[in-house]
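Residues: numbered from 1 along the sequence shown.
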Amino acid sequence: MQSFEQVRSHVGSTHALRANDPYLISFDVAFPDGRHQGIYLAELEDEDGAKYLRISTPIGPSTGIECLRCLRFNWEQRTGWLAISDLEGSPYLQLCENRPYASLTPGELDRIVRELAALGDRLEQAVSSGDDLF
């Protein structure tokens, strides 16, 4: 995959898009138990002009989240890391992954989405007392 449009085309062929902006799309990944997890894909560019795809999913409000636990989690993960971003004006914990387009294939994108959605759902349940916030 070499562009955000290729990502949009691939994802749009398998998921109903909730947001479909020029450099941001979102959709839900459904689980057999009826839960779902929102996934957001955005294009990023570094200082040298290289383009990356950010795959992220919201976990929950960052209030009460212990930073040390988040850093330990990040150290132990092979895929995905925790970050704080604004969601509707409030700080939220996000599970994220950045991948350069040059090494991204449709199969790899599908794998990352599945992995982040499942892990994000488990983390969301842990920080929200089992509620399905997203």
Do the non-hydrogen side-chain atoms of Val11 and Phe27 ever get within less than 4.5 Å of each other?
-> yes

Cationic N near anionic O, under 4.0 Å, Arg111 to Glu115 = yes

Result of checking His10, Glu5, Gln6 against Arg8 for side-chain hydrogen bond (donor to acceptor under 3.5 Å, both in side chains) | Glu5

Pairwise side-chain contact, Gln37 with Phe31, heavy-atom cut-off 4.5 Å (strictly under) | yes

Quick one: does Leu95's side chain get under 4.5 Å of Phe73's, heavy atoms only?
-> yes

Would you mind checking if Arg54 and Glu43 are paired as a salt bridge, meaning a charged N to carboxylate O distance below 4.0 Å?
-> no

CG (Leu82) and CG (Leu71) are apart, to the nearest 0.5 Å, by 9.0 Å

Student check: side-chain heavy atoms of Tyr23 and Leu44 closer than 4.5 Å = no

May I ask you to test the Tyr92-Ile84 pair for a side-chain heavy-atom distance under 4.5 Å?
-> no

Is there a side-chain contact between Gln125 and Arg35, using heavy atoms and a 4.5 Å cut-off?
-> yes

Taking only Lys NZ, Arg NE, NH1 and NH2, and the carboxylate oxygens of Asp or Glu, determine whether Arg122 and Glu124 approach each other closer than 4.0 Å.
-> no

To the nearest 0.5 Å, what is the distance between CG (Leu123) and CG (Leu119)?
-> 4.5 Å

Taking C-beta and beyond as the side chain, do Val29 and Arg114 meet within less than 4.5 Å on heavy atoms?
-> no

Looking only at heavy atoms, the pair that brings Tyr40 and Pro58 closest together is CE1-CD, 3.7 Å

Answer whether the closest heavy-atom distance between the side chains of Lys51 and Pro100 falls below 4.5 Å.
-> no

